[in-house]
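For reference, the structure is listed below as structure tokens.
Computed over heavy atoms, backbone and side chain alike; hydrogens, waters and symmetry mates excluded.
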Amino acid sequence: MILIINTSGKDLEFVLGDKYKSVVVEKQSVALPAQCEKFIAECGTTWRDISAIGIVVGPGSFTGIRLGIAYAKGLGLGLNIPVVGISVFDLYLAATPDAFVAIDSGRGDFFVAANGLPPQTMGIEELEVKQMEWPRTVGHKPFDLKLGVGIVEQKIASGDLEPAVPMYLRPSYAEENKGK
């Protein structure tokens, strides 16, 4: 079975088989290990039944993404199973391959991507023009994390097992303010 973990938002999300759970937490770093263990037990399975882990690598919460990747890599190493990175764009485009994905970054611009357009940041003026090249725009509603299972299966089957690393589309606050 493939376990999918998402720490890119403020809460925790898990998928295992056809089961999905979202957990509202105050501190992801404290809750992640216990909530993941609890979810697996609720699914009636054990760690030995997990064959791969999919982890959402971004875009999203800088700290949450790094936390999730570190946790997933630790599990993968301990269980000797692959850890596969999944972007939020992968999830949106799995549901609507012909879409332009635009996600409000919360900082006055958008994270965007589409088939034929690599992930990047874009201002509203450019976004309004660029999105017209695709038949629909998505990103304003939540993605379906269950689609991560198929994405992980595809990546494993194709041998696309690059290390899971955070998807950074712009410098961090610290990098932007360095030397100020």
Side-chain angles (χ1 to χ4, degrees), residues 1-95 97 101 103 105 111 113 115 118-120 139 142-175:
M1 298 184 89
I2 296 172
L3 172 66
I4 307 294
I5 301 172
N6 180 20
T7 57
S8 69
K10 68 181 192 77
D11 298 321
L12 301 173
E13 291 182 291
F14 305 99
V15 168
L16 186 62
D18 63 350
K19 306 269 193 306
Y20 167 84
K21 184 174 186 179
S22 177
V23 184
V24 176
V25 296
E26 195 164 312
K27 288 192 170 210
Q28 286 184 339
S29 60
V30 174
L32 179 58
Q35 290 297 328
C36 189
E37 182 91 27
K38 182 178 176 183
F39 174 68
I40 288 170
E42 289 170 357
C43 291
T45 192
T46 67
W47 290 110
R48 290 185 305 273
D49 300 320
I50 309 293
S51 60
I53 299 171
I55 181 68
V56 177
V57 297
S61 163
F62 180 81
T63 303
I65 289 166
R66 292 180 11 209
L67 167 74
I69 290 172
Y71 179 70
K73 284 183 172 183
L75 288 175
L77 187 63
L79 297 169
N80 196 29
I81 58 175
V83 175
V84 179
I86 307 167
S87 78
V88 171
F89 300 123
D90 292 336
L91 292 160
Y92 278 115
L93 293 172
V101 182
I103 304 164
S105 75
F111 299 125
N115 284 319
Q120 58 192 276
F143 51 80
D144 184 356
L145 191 61
K146 287 183 177 181
L147 295 172
V149 173
I151 294 167
V152 170
E153 288 171 340
Q154 272 185 324
K155 287 186 175 191
I156 290 172
S158 71
D160 183 10
L161 295 177
E162 293 183 19
V165 295
M167 173 183 274
Y168 298 133
L169 297 179
R170 68 163 149 243
S172 68
Y173 283 118
E175 291 168 323

Fill in: With E42 via salt bridge (charged side-chain N to carboxylate O under 4.0 Å, His left out) - residues at least two apart
K21
To check you understand the geometry: which heavy-atom pair defines the closest contact between [X] and [Y], and what is its length?
| X | Y | answer |
| --- | --- | --- |
| F39 | V15 | CE2-C, 3.8 Å |
| E13 | S22 | CG-OG, 4.1 Å |
| L91 | G148 | CD2-N, 3.5 Å |
| W47 | E37 | NE1-OE1, 3.0 Å |
| D11 | V25 | OD1-N, 3.4 Å |
| M167 | P59 | SD-CD, 3.7 Å |

Discussion item. Applying side-chain contact (heavy atoms from CB on, under 4.5 Å) to I4 and I55, what does each step give before you reach the verdict?
Written reply: CA-CA 6 Å; I4 307 294; I55 181 68; over 6 Å; no
Once ring-ring contact (aromatic ring centres under 6.0 Å, His included) is applied, do any residues pair with [X], and if so which ones, sequence neighbours excluded?
| X | answer |
| --- | --- |
| Y92 | F143 |
| Y71 | none |
| Y20 | none |

Considering residues at least two apart in sequence or located in another chain, which fulfil the side-chain hydrogen bond (donor to acceptor under 3.5 Å, both in side chains) criterion with [X]?
| X | answer |
| --- | --- |
| S158 | none |
| Q120 | none |
| T63 | none |
| S8 | N6 |

What is the distance from atom [atom1] of [X] to atom [atom2] of [Y], rounded to the nearest 0.5 Å?
| X | Y | atom1 | atom2 | result |
| --- | --- | --- | --- | --- |
| F14 | K38 | CZ | NZ | 10.5 Å |
| T46 | M1 | OG1 | CE | 10.5 Å |
| K146 | I151 | NZ | CD1 | 14.5 Å |

Non-hydrogen side-chain atoms of [X] and [Y] separated by less than 4.5 Å:
| X | Y | result |
| --- | --- | --- |
| L32 | L67 | yes |
| L161 | I156 | yes |
| I2 | I53 | no |
| V57 | I86 | no |
| I5 | C36 | yes |

Worksheet item: Ignoring hydrogens and geometry, is there a side-chain-to-backbone donor-acceptor pair from E162 to G85 under 3.5 Å?
Response: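 Not at all, since once roles are kept as given, no pair shorter than 3.5 Å links the two residues.
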Worksheet entry | Pairs touching residues 60-76 that satisfy salt bridge (charged side-chain N to carboxylate O under 4.0 Å, His left out), sequence neighbours left out | none
Worksheet, complete the sentence: residues 83-92 vs salt bridge (charged side-chain N to carboxylate O under 4.0 Å, His left out), sequence neighbours excluded, gives D90-K155
Could you give the side-chain donor-acceptor pairs of residues 74-83 under 3.5 Å, partners two or more places apart or in another chain?
none

Practice prompt. Output every pair passing ring-ring contact (aromatic ring centres under 6.0 Å, His included) with a member in residues 72-91, not counting sequence neighbours, ordered by first then second residue.
Written response: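 Sorted pair list comes back empty.
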Fill in: Evaluation steps, side-chain contact (heavy atoms from CB on, under 4.5 Å), between V56 and T7
CA-CA 7 Å; V56 177; T7 57; over 6 Å; no
